[in-house]
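So the structure is just underneath, and the comments pick up after that.
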There are 2 protein chains.
Amino acid sequence: METGLPKFDSAFSIDCVIFGFEAGELKILLIERAEDPFKDWWALPGNLVENDEGIESAATRILYELTGWRELHMEQFHTFGDVNRHPLGRVITVAYYALIRINGKKEVKPVTQYAKKAFWHPINDLPRLGFDHSDIFETSIQKLRRRLSYQPIAFELLPEKFTLTQLQLLYEAILNKKLDKRNFRKKMLSYGFLKELDEKQKGVSYRAAKLYKFDRRKYNKIFQNDMNEE
Amino acid sequence: METGLPKFDSAFSIDCVIFGFEAGELKILLIERAEDPFKDWWALPGNLVENDEGIESAATRILYELTGWRELHMEQFHTFGDVNRHPLGRVITVAYYALIRINGKKEVKPVTQYAKKAFWHPINDLPRLGFDHSDIFETSIQKLRRRLSYQPIAFELLPEKFTLTQLQLLYEAILNKKLDKRNFRKKMLSYGFLKELDEKQKGVSYRAAKLYKFDRRKYNKIFQNDMNEE
DNA sequence: AAGATACTGTGTAATTTTTACACTATCTTA
DNA sequence: TAAGATAGTGTAAAAATTACACAGTATCTT
């Protein structure tokens with residue numbers, strides 16, 4: 001396409017902070033880079049945006065290529081555009097966070113050529129990251145926290161059926177602080193979008209807890225004019 | 001600079017939603033375009049990002065070129081990257097909002113070649129805008145509202161000395177709802193970052209109100225571990 | 001089967017925050 | 001000095017938040 005606009009010796013990319021929750025810990029998916037720059041370093045998954053591709057679809061595509069998953073909860077949270085953030089040239093990157101249900105797979109096989117492998121890393125024990133990805137991660141967790149305070153996005157990280165304790169542990173992991181059990185339950189249940197199931201936790205060596213699920217229909221009904229608007 | 005990266009037939013830009021508050025109304029600064037596309041349409045001020053320029057500095061520069069003002073409160077709030085948002089080609093735009101003190105000037109003389117003139121428009125009576133700028137504006141006001149709920153950014157829009165009524169009118173204009181006078185005052189004063197001055201409003205034909213100013217030092221002290229972190 | 005282990009599930013009182021609401025005080029102008 | 005216009009103020013009720021501890025139940029061990 002001839003645009004009539006000046007040509008730029010520069011590029012856009014998408015970087016993704018992919019959050020998962022497992023074993024009571026909040027984790028992000030990192031790739032080990034197979035190529036320079038930052039060969040052998042850990043980095044956030046990301047890639048260049050094609051010229052004929054919207055940034056939303058680019059983010060979806062990149063996530064799909066890496067994980068094989070679609071329809072994840074994704075949220076654009078910031079764009080990083082320092083001139084020197086990429087050693088090879090001008091690359092402006094639009095950062096997204098994604099929330100996924102880990103479901104036990106620890107390793108994810110990336111299909112792409114630029115990454116050797118991908119692993120989940122607990123956010124409290126991250127390796128050094130290439131580029132400015134540590135900054136990007138820091139920003140992402142702050143935005144995620146803020147978001148959680150007005151939208152119940154945590155459910156995107158849990159299995160469909162979960163216990164209130166699991167939910168609380170997740171909130172604690174994201175907010176990085178202990179919460180009071182009774183107050184937490186009271187509050188969560190008061191929202192009215194949790195559906196209690198006739199089912200209990202299985203495979204635990206102690207009293208099994210009730211399972212709940214997030215009732216999105218009820219949620220939308222209740223909060224259509226509140227928390228829902230962006 | 002030779003980057004080794006593929007060349008893109010595409011461009012970055014910055015668009016700014018510049019908020020001002022005047023005569024009890026929240027306004028934004030629009031330019032009338034002198035060039036195609038959207039010649040003679042109103043649009044948000046914005047421009048391309050130079051290749052050797054960070055996006056923060058580009059935003060600062062663009063704002064300065066248009067208004068002559070520096071050191072405004074600016075905040076990046078979203079990046080728009082649909083393939084077809086710009087009729088001439090692929091332009092990804094990083095959107096910022098800026099808050100400025102109008103101080104009575106209604107017209108701002110833009111120095112740039114692409115804009116005929118710039119005018120303040122009340123946000124409740126905006127003309128049709130070129131490109132996807134109406135979407136960008138909508139997003140900006142939502143982000144601004146959200147932000148105001150946890151950070152006292154309103155002061156950036158008021159003169160240094162202001163009355164509590166002025167402050168309340170501004171909150172009402174941003175949040176688009178009436179607030180209770182007594183409750184508003186009680187709450188604002190309770191934060192402890194408003195400094196009451198030994199001075200009164202002048203030039204009004206009724207009882208003059210006390211003037212206050214925002215005490216940024218106190219604010220930082222009080223909220224350093226709370227509202228302050230991003 | 002008895003006891004140890006480990007987590008589930010529950011209520012209340014105190015405190016803080018939010019909300020609703022109306023009149024007097026002060027200044028200016030005619 | 002009266003009329004007009006906004007400033008400035010308090011309280012009570014309701015709602016939300018916080019702090020706090022133990023009995024119940026399933027499983028496992030011996």
Side-chain angles (χ1 to χ4, degrees), chain A residues 21-25 145 148-152 158-159 161-173 175-213 222-223 225-227, chain B residues 21-25 145 148-152 158-159 161-173 175-213 222-223 225-227:
Chain A
F21 184 61
E22 189 189 35
E25 281 188 307
R145 273 180 200 142
L148 187 65
S149 71
Y150 62 90
Q151 257 189 24
L158 289 175
K161 303 170 181 183
F162 50 85
T163 69
L164 290 179
T165 299
Q166 283 161 5
L167 184 60
Q168 181 178 343
L169 288 173
L170 174 52
Y171 267 77
E172 290 178 345
L175 301 175
N176 195 28
K177 67 178 176 195
K178 294 291 283 174
L179 300 173
D180 178 87
K181 185 166 153 182
R182 278 180 287 194
N183 294 339
F184 179 79
R185 286 166 179 240
K186 202 189 324 175
K187 186 129 229 291
M188 274 297 150
L189 293 173
S190 79
Y191 289 132
F193 51 59
L194 286 185
K195 183 170 180 182
E196 186 179 330
L197 302 176
D198 277 335
E199 217 175 326
K200 299 210 160 171
Q201 205 176 17
K202 281 195 180 110
V204 291
S205 68
Y206 46 81
R207 175 180 179 185
K210 274 185 213 153
L211 290 171
Y212 290 80
K213 66 183 231 189
I222 301 170
F223 293 100
N225 300 316
D226 276 16
M227 294 153 85
Chain B
F21 184 61
E22 188 189 37
E25 281 188 308
R145 274 180 199 143
L148 187 65
S149 72
Y150 61 89
Q151 257 189 23
L158 289 175
K161 303 171 181 183
F162 51 85
T163 69
L164 290 179
T165 299
Q166 282 162 5
L167 184 60
Q168 180 177 346
L169 288 172
L170 175 51
Y171 268 77
E172 290 178 344
L175 301 175
N176 194 29
K177 66 178 178 197
K178 295 290 285 174
L179 301 173
D180 178 87
K181 184 166 151 184
R182 277 179 288 194
N183 294 338
F184 179 80
R185 287 165 179 242
K186 202 191 319 175
K187 186 127 230 292
M188 274 298 151
L189 292 173
S190 79
Y191 289 133
F193 51 58
L194 286 186
K195 186 169 178 182
E196 187 179 331
L197 302 176
D198 277 335
E199 213 173 329
K200 299 208 161 173
Q201 207 176 14
K202 282 197 180 110
V204 290
S205 69
Y206 45 80
R207 174 179 179 185
K210 274 184 214 156
L211 290 170
Y212 290 80
K213 64 184 235 191
I222 300 170
F223 293 100
N225 300 315
D226 276 16
M227 295 152 84

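Note: hydrogens, waters and symmetry copies are ignored here, and every other heavy atom, side chains too, is used. Below, chain A is the first sequence line, B the second, and so on; all start at residue 1.
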Atom-to-atom span, [atom1] of [X] to [atom2] of [N] - whole angstrom:
X	N	atom1	atom2	answer
B:Q201	C:dT28	CD	C1'	12 Å
B:K202	C:dT28	NZ	P	12 Å
A:Q168	C:dT10	CD	C1'	14 Å
A:Y212	C:dG9	OH	P	6 Å
B:L211	D:dG8	CG	C1'	15 Å
A:K181	C:dG11	NZ	P	14 Å
B:F184	C:dA20	CZ	P	16 Å
B:L189	D:dG8	CG	C1'	11 Å

Quick one: does [X]'s side chain get under 4.5 Å of [Y]'s, heavy atoms only?
X	Y	answer
B:Y212	B:M188	no
A:P152	A:F193	yes
A:F184	A:E172	no
A:L189	A:E196	no

B:K181: side chain to side chain contact (heavy atoms under 4.5 Å, CB included) partners, not counting sequence neighbours: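 Result, side chain to side chain contact (heavy atoms under 4.5 Å, CB included) vs B:K181: B:Q168, B:R185.
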Side chain of [X]: nearest nucleotide among [options]?
X	options	value
A:R182	D:dA5, D:dG8, C:dG11	C:dG11
B:D180	C:dC21, D:dT9, C:dT29	C:dC21
B:K200	D:dT27, C:dG9, C:dC27	C:dC27
A:Y206	D:dA26, D:dG8, C:dT28	D:dA26

How would you list, by chain and number, every residue that makes a salt bridge (charged side-chain N to carboxylate O under 4.0 Å, His left out) with A:K161, sequence neighbours excluded?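 For A:K161, the residues satisfying salt bridge (charged side-chain N to carboxylate O under 4.0 Å, His left out) (neighbours in sequence not counted) are A:E199.
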So which protein N/O to nucleotides 16-18 of chain D N/O distances come out below 3.5 Å?
residue: D:dT17; atom: OP2; partner: A:K187; partner atom: NZ; Å: 3.4
residue: D:dT18; atom: O4; partner: A:K186; partner atom: NZ; Å: 3.0

Please tell me which of A:S205 and B:S205 maps to the more 5' nucleotide of DNA chain D, matching each residue to the nucleotide holding its nearest heavy atom.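 It is B:S205 whose nearest nucleotide is closer to the 5' end.
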Residue-phosphate contact under 4.0 Å: B:R185 side-chain N/O, D:dT9 OP1/OP2: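 Checking D:dT9 against B:R185, no side-chain N or O comes under 4.0 Å of OP1 or OP2.
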Shortest non-hydrogen separation from A:F21 to A:L169 and the atoms involved: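 Of all heavy-atom pairs spanning A:F21 and A:L169, the closest is CZ-C, 3.8 Å.
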Across the strands shown, which category fits B:T165 at heavy-atom distances under 4.0 angstrom: base, sugar-phosphate, nothing?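 Touches sugar-phosphate only.
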Between B:R207 and A:K210, which residue's closest nucleotide on DNA chain C lies nearer the 5′ terminus?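 On the 5' side of the pair lies A:K210.
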